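Take a look at the structure below.
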Amino acid sequence: MEKIRVRFAPSPTGYIHVGNARTALFNWLFARKNRGVFILRIEDTDIERSAETYEKKLIEDLRWLGIEWDEGPDTGGARGPYRQSERGDLYQEQAQKLMNGGKAYYCFCSPDELERERRDAVASGRPAVYSGKCRGLAPEDARKKVETGNPAAVRLRTPGRGMLTYNDLIRGPLSFDLALTGDPVLIRSNGMPAYNFAVVVDDTLMGITHVIRGEDHISNTPRQILTYEALSFPLPSFAHLSMVMGPDNTRLSKRHGATAVDQFRQDGILSSALFNYLALLGWAPPDGEEVLDAGRLIELFRLEKVSRSAAIFDYDKLNWLNRQHMKTIPSKEAARAAYPFLKEEGLMPENMTEERWEWLERAVGVLIERINRFSEIPAEFELFSKFSPSEMDHADREDLKMESSRKVLRLFIEKTSEDEKLDFDRFSALTQEIKQESGIKGKDLYHPLRLALTGCSSGLDLDKFIPLVEEGASLHLPKSIKSCRQRIFETLNNLE
RNA sequence: GCCCCUGUCGUCUAGCUUGGUUGAGGACACCGCCCUUUCAAGGCGGCAACACGGGUUCAAAUCCCGUCGGGGGCGCCA
């Protein structure tokens with residue numbers, strides 16, 4: 001059987017949007033699933049909107065997401081070049097072929113003129129289709145006109161009537177009335193190929209067997225099929241993915257919040273989670289398991305099972321998936337992922353010793369189950385780094401002012417010394433002693449301790465909190481962590 | 001305006017091809033309970049949908065027609 005070849009062909013006009021990333025992902029999954037080839041092609045024929053920095057960014061974001069291509073602008077390959085801007089000759093050559101065969105013709109209509117025709121058509125209720133005004137021009141006359149410097153586009157001569165049907169891998173048979181498909185521009189008057197022509201030439205020359213792209217290309221497809229036929233190129237299979245929408249059911253855009261892959265990265269979303277989420281947007285595995293890594297996704301993926309209707313991007317579910325993925329990553333990796341966010345906030349130092357890493361690893365390990373994404377870690381980290389009894393909640397403060405509370409805290413101070421480092425066993429022993437001596441137990445015993453230690457009535461389990469604080473205190477972090485004894489001491493003083 | 005795609009819980013979806021196994025299943029979110037002397041996590045449970053109207057049929061979420069809703073396209077943008 002012929003080897004499957006698919007491509008992702010973005011135009012480098014900005015940062016990569018999750019909708020496009022999803023298209024890339026489905027292509028990639030399909031390629032890997034079928035042991036085929038995945039190609040990255042840059043569609044930069046619109047000179048005004050393309051920029052080199054965008055291409056670099058695009059490549060970086062795609063790689064971060066975990067999508068690797070077998071052939072592309074930076075990796076090379078046998079069917080290159082992989083930038084449309086470097087393939088000009090190829091388009092000219094194919095266009096010339098069509099001109100020679102009388103299947104294409106020069107069009108001298110100005111954009112203004114065409115725009116006027118279009119408006120008139122819509123106003124009078126007719127379909128907005130190119131009139132075919134220039135298709136009757138004698139080729140010799142047209143050539144002369146071009147040679148004397150008249151700007152001309154090249155258009156494909158289409159039948160203008162009849163029906164065209166093709167079978168979409170996701171949607172089944174799709175039919176179009178060719179009377180509504182005007183003669184498309186192949187080469188623009190500035191010499192650059194038009195999108196609809198460039199894709200056909202590129203996809204054929206690159207040996208693409210399956211064109212998997214967004215639903216917004218459905219109505220381009222008949223035009224492209226006509227072009228394939230005019231060129232006597234074999235037809236690939238087509239599959240059109242539905243769109244990704246925002247919560248208000250309009251096309252996902254900036255005003256919906258984060259939409260660029262890079263924004264999710266900066267927010268501390270794991271690439272494996274975004275990858276997983278995107279795959280689940282419009283596709284579901286057979287047995288309903290949802291937390292999946294790339295390998296499992298490849299195993300289960302089936303293009304025919306992709307949903308036909310548009311899907312709304314659900315930030316809640318992404319967060320949930322991110323939590324699931326955070327749980328599975330090794331603690332070293334979690335610490336590494338959290339570190340930049342903490343450093344940014346001045347909570348971790350530039351230079352990290354072995355000891356600090358080891359501590360961070362444990363700290364992140366307990367904080368990670370309280371957050372959705374790594375950008376939230378500095379706020380949780382305040383449990384350690386921030387301690388100001390004076391800012392305590394009023395009700396909590398009243399609780400501490402009770403005589404029994406004070407007694408607990410005073411006993412704690414009496415029984416510990418400045419230079420002693422507590423571990424949890426020692427802490428437990430201490431609380432037992434306090435209990436014996438004071439007769440205070442249960443909530444009356446633990447609640448004041450928690451308040452005095454954390455400044456807050458809720459938070460980490462004390463058995464996790466205490467050793468981390470005690471060891472963190474000797475780490476000399478930019479924002480120093482206070483020891484348990486110091487915390488209780490300060491709380492007591494602040495009560496007066 | 002014209003053409004095309006699409007319509008199952010608030011959201012992502014399973015089921016639809018091959019009508020009865022569906023009192024329509026799962027997941028996120030939400031609510032409740034349990035666990036926990038806190039919070040979160042976790043466990044258990046609950047709320048919640050076949051857009052509407054006609055057919056066909058003994059039987060329709062599943063097949064047909066129409067209406068309505070949503071989306072896309074009609075570019076010398078991609």
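Quick caveat, the model's predicted, so the values are computed rather than measured. Proteins come first, then strands; the chains are lettered A, B, ... in the order of their sequence lines, and each starts at number 1.
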At under 4.0 Å, does any side-chain N or O of [X] touch on OP1 or OP2 of [N]?
X: Arg118(A); N: G1(B); result: no
X: Arg370(A); N: C39(B); result: no
X: Arg171(A); N: G71(B); result: no

Going 5' to 3' through nucleotides 9-17 of chain B, assign each nucleotide B (protein heavy atom under 4.0 Å from a base atom), S (under 4.0 Å only from sugar-phosphate atoms) or - (no protein heavy atom that close). --BBSSS--
Mind calculating the distance between [atom1] ([X]) and [atom2] ([N]) to the nearest angstrom?
X: Asn372(A); N: A29(B); atom1: CG; atom2: P; answer: 9 Å
X: Leu462(A); N: A40(B); atom1: CG; atom2: C1'; answer: 14 Å
X: Leu241(A); N: G71(B); atom1: CG; atom2: P; answer: 19 Å
X: Asp463(A); N: U36(B); atom1: CG; atom2: C1'; answer: 11 Å
X: Lys327(A); N: A40(B); atom1: NZ; atom2: P; answer: 14 Å

Are Tyr130(A) and Tyr105(A) close enough that their ring centers fall under 6.0 Å?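 Ring-ring flag for Tyr130(A)/Tyr105(A): false, centres at least 6.0 Å apart.
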Between Tyr277(A) and His325(A), does the ring centroid distance fall short of 6.0 Å?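 No - the distance between ring centres of Tyr277(A) and His325(A) does not fall below the 6.0 Å cut-off.
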Quick one: which protein N/O atoms are closer than 3.5 Å to N/O atoms of nucleotides 45-51 of chain B? Pair and distance per line, please.
none

Pairwise C1' distance for G25(B) and A48(B), with rounding to whole Å: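 The answer is 14 Å between these two C1' atoms.
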What's the gap between C68(B) and C30(B) when it is taken at their P atoms, as a whole Å value?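 Roughly 38 Å separates the two P atoms.
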Does [N] have a Watson-Crick or wobble partner in any strand here, with both distances under 3.5 angstrom, and which is it?
N: U62(B); result: none
N: C77(B); result: none
N: C28(B); result: G10(B)

The criterion is side-chain contact (heavy atoms from CB on, under 4.5 Å); which residues satisfy it with Pro222(A), sequence neighbours excluded?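 If we apply the side-chain contact (heavy atoms from CB on, under 4.5 Å) test to Pro222(A), skipping adjacent residues, the hits are Leu164(A), Phe176(A).
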Does [X] reach a base, just sugar-phosphate, or nothing at all? Heavy atoms under 4.0 Å.
X: Asp287(A); answer: nothing
X: Ser124(A); answer: nothing
X: Cys109(A); answer: base
X: His217(A); answer: base
X: Leu174(A); answer: sugar-phosphate

Any chance [atom1] of [X] has more than 12 other-residue heavy atoms, nucleotides or ligands included, within less than 6.0 Å?
X: Tyr315(A); atom1: OH; value: yes
X: Lys97(A); atom1: NZ; value: yes
X: Asp287(A); atom1: CG; value: yes

Given side chains that start at C-beta, do those of Leu278(A) and Phe26(A) come closer than 4.5 Å, heavy atoms only?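 Result no, sub-4.5 Å side-chain heavy-atom pair not found.
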Stepwise side-chain contact (heavy atoms from CB on, under 4.5 Å) test for Asn372(A) and Asn322(A): CA-CA 6 Å; Asn372(A) 286 317; Asn322(A) 197 51; 5.6 Å; no
Can you tell me how the ring of Phe108(A) sits relative to the ring of Tyr106(A), calling it parallel under 30°, perpendicular over 60° and tilted otherwise?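 Ring orientation, 0 to 90° scale: tilted.
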Are Gln224(A) and Asn196(A) linked by a side-chain donor-acceptor pair shorter than 3.5 Å?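 Present: a donor and an acceptor within the cut-off.
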